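Scroll down for the structure; my scribbles are underneath it.
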Amino acid sequence: MNRRQRAKTVIELEPRRATSTETSPPRAVEPDPLYGVALLKTALELKRRKDGTPEEILRGVLARMRLSEDEFRAWLSQQGGLARLLGGGGT
């Protein structure tokens with residue numbers, strides 16, 4: 001063998017295995033960082049205002065912050081729901 005030539009190496013590759021990310025169900029979408037701010041603003045509005053239901057106040061806060069109500073409610077249901085977060089009970 002010439003000094004400039006390298007010996008050929010044959011590598012047998014194993015078939016690709018499924019990784020944990022491929023077999024696990026898709027993860028929840030990252031929440032918007034403003035969701036916590038929306039909850040805080042809702043709580044402050046509830047404390048300040050005596051008129052209106054928590055639902056109405058929450059809708060107003062989300063509208064002012066230009067957050068999607070559907071996406072916010074989906075995130076909220078993952079967190080335990082509105083009643084639990086606002087101290088309305090639940091388990």
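In this text, all values refer to a predicted model and were calculated from it rather than measured experimentally.
- Looking at residues two or more places apart in sequence or on another chain, you find a salt bridge (Lys or Arg N to Asp or Glu O under 4.0 Å) between Asp51 and Arg49.
- For the side chain to side chain contact (heavy atoms under 4.5 Å, CB included) test, residues two or more places apart in sequence or in another chain that qualify with Arg64 are Glu45, Val61.
- The distance from atom CG of Leu62 to atom CG of Leu67, rounded to the nearest 0.5 Å, is 5.5 Å.
- From Asp32, atom CG reaches atom CD of Glu71 across 8.0 Å, with rounding to the nearest 0.5 Å.
- Residue Ile57 holds its CD1 atom at 9.0 Å from CZ of Arg48, rounded to the nearest 0.5 Å.
- By the 4.5 Å heavy-atom criterion applied to side chains, Arg73 and Leu58 are counted as neighbours.
- When side chains are defined from C-beta on, Thr42 does not count as touching Pro54, because their heavy atoms never get closer than 4.5 Å.
- Classification of the Phe72-Tyr35 ring pair by plane angle, with boundaries at 30° and 60°, yields perpendicular.
- Applying the side chain to side chain contact (heavy atoms under 4.5 Å, CB included) criterion to Leu44, with sequence neighbours excluded, gives Leu40.
- Listed by chain and residue number, Thr53 satisfy the side chain to side chain contact (heavy atoms under 4.5 Å, CB included) test with Glu56 (two or more places apart in sequence, or in another chain).
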